[in-house]
Amino acid sequence: MHHDVIALRDFYYTTSLGRAAQKALRDQCLLHWPDLAGKDVAGFGFAVPLLRPWLAPARRVIALMPAQQGVMHWPAEAANHSVLTEETSWPLATDSIDRLVMLHGLETSDRPAALLEEAARVLRVGGEALFILPNRSGLWARMDGTPFALGRPYSSGQIATLLRDHGFQISDTGGALFFPPRDTRRWLRWAMWLERLGSRMVRLRAGGVLVVRARRVADTPTSGLAVKDRRPLRILDGVAQPAGTRPAWRDQR
């Protein structure tokens with residue numbers, strides 16, 4: 001099941017809870033990448049709430065929105081930077097992106113391995129990606145009414161294994177959305193205070209999302225056996241006979 005672009009837009013831009021989530025996630029992005037001047041930046045899924053700070057300093061910013069989700073014009077007040085794309089076939093050249101943000105993309109993908117291979121293809125070697133995913137043990141993945149309740153949540157171990165198998169090396173694993181997903185004035189008044197407090201206790205894995213920063217490595221691991229390691233069964237060769245033995249039928253007279 002996939003997100004709908006209208007529902008995502010309405011959550012992040014028209015609800016108080018969505019705007020609080022947007023600020024918390026954007027702060028994480030700026031913490032990891034404070035200066036992207038002259039860089040080529042891409043977002044996949046619905047990353048547009050997080051990409052705006054880099055529109056001016058970056059050399060290029062593009063928002064890739066999967067066909068199953070739908071696309072919207074972004075930013076609303078300027079020339080369009082978004083494009084509708086197949087989730088495993090992006091309209092970007094190989095080794096053309098310095099930074100990638102993936103939000104509401106991996107957890108709802110029907111082909112997560114192929115999606116990560118496509119992400120690795122477009123990233124330059126040494127380029128970095130931020131994967132923001134529902135935390136399997138967090139509140140946001142368990143409560144309906146937010147985009148993080150849809151799709152497959154991950155544990156830190158699960159996402160680390162998946163990334164290592166598809167061309168990425170983990171640089172940092174943290175969390176965000178430490179405040180409860182309640183769209184009430186009472187809770188939201190304390191949202192940013194709870195976010196700062198939770199970020200100091202990130203080892204508790206209590207955040208609503210995992211924020212994983214990974215670097216594209218030169219040698220992409222491959223799943224399964226490499227061709228050179230395969231040992232085909234020699235079915236037509238027969239069964240090898242131990243030295244010095246004769247079939248029983250040869251001893252019969």
Side-chain angles (χ1 to χ4, degrees), residues 1-3 25 28-29 31-33 42-47 50 64 66 68-69 86-90 92 94-95 97-142 146-178 198-199 201-231:
M1 189 173 181
H2 293 81
H3 292 291
L25 297 178
Q28 282 291 315
C29 291
L31 179 65
H32 286 286
W33 300 330
F44 178 81
F46 194 77
L50 313 182
L64 304 164
Q68 299 92 330
Q69 168 193 289
E86 291 296 330
E87 68 175 12
T88 58
S89 182
W90 299 356
L92 295 174
T94 300
D95 300 329
I97 295 298
D98 297 300
R99 298 290 186 270
L100 171 69
V101 180
M102 194 173 292
L103 173 65
H104 302 308
L106 188 61
E107 69 268 25
T108 58
S109 174
D110 297 324
R111 302 172 60 197
L115 175 58
L116 288 178
E117 289 171 3
E118 185 68 355
R121 179 187 69 81
V122 304
L123 269 174
R124 296 186 174 103
V125 173
E128 292 187 340
L130 274 181
F131 298 93
I132 301 173
L133 300 155
N135 184 356
R136 185 177 177 182
S137 60
L139 284 177
W140 287 68
R142 303 178 189 180
T146 80
F148 297 100
L150 185 66
R152 175 189 175 181
Y154 284 85
S155 67
S156 57
Q158 287 172 329
I159 187 58
T161 299
L162 190 61
L163 291 177
R164 280 196 300 265
D165 287 345
H166 294 92
F168 292 93
Q169 183 180 66
I170 305 294
S171 301
D172 185 70
T173 301
L177 303 188
F178 293 95
S199 64
M201 298 184 294
V202 70
R203 292 183 182 275
L204 297 178
R205 307 296 183 196
V209 298
L210 299 173
V211 180
V212 182
R213 180 164 58 93
R215 183 172 59 88
R216 170 75 167 90
V217 294
D219 298 323
T220 304
T222 56
S223 58
L225 292 174
V227 173
K228 65 180 180 181
D229 294 330
R230 290 175 182 156
R231 298 291 184 267

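These numbers come from a predicted model, not from an experiment. Note: hydrogens, waters and symmetry copies are ignored here, and every other heavy atom, side chains too, is used.
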Within this structure, what is the [atom1]-[atom2] distance for the pair [X] and [Y], rounded to the nearest 0.5 Å?
X    : Y    : atom1 : atom2 : value
I132 : F148 : CD1   : CZ    : 7.5 Å
R164 : L116 : CZ    : CG    : 13.0 Å
E118 : L92  : CD    : CG    : 8.0 Å
L210 : N135 : CG    : CG    : 4.0 Å
L25  : L177 : CG    : CG    : 4.5 Å
D110 : H2   : CG    : NE2   : 4.0 Å

Side chains of [X] and [Y], heavy atoms from C-beta outward: is any pair under 4.5 Å?
X    : Y    : result
R152 : Q158 : yes
W33  : V101 : yes
V212 : Y154 : no
L162 : L106 : yes
L115 : M102 : yes
Q68  : T108 : no
P66  : F44  : yes

Salt bridge flag under 4.0 Å for residues R213 and E128 | yes
Non-hydrogen atoms of [X] and [Y] that approach each other most closely:
X    : Y    : result
R99  : G127 : NH1-CA, 4.2 Å
L150 : E107 : O-CG, 3.8 Å
P153 : G151 : CD-O, 3.4 Å
A214 : L163 : CB-CD1, 4.2 Å
R216 : A120 : NE-O, 2.7 Å
T173 : S156 : CG2-CB, 4.2 Å

Heavy-atom count around R124 CZ within 6.0 Å, excluding the residue itself: above 12?
-> yes
Whether H104 and H3 hold their rings parallel, tilted or perpendicular, with breakpoints at 30° and 60° | perpendicular
Side-chain donor or acceptor of T161 paired with backbone N/O of G157 under 3.5 Å | yes
Q169 backbone acceptor or donor facing R215 side chain under 3.5 Å = no
Report the C-alpha distance between F168 and F131 in whole Å, list the side-chain angles of each, state the deciding distance to 0.1 Å, and finish with yes or no for ring-ring contact (aromatic ring centres under 6.0 Å, His included).
-> CA-CA 11 Å; F168 292 93; F131 298 93; 5.5 Å; yes
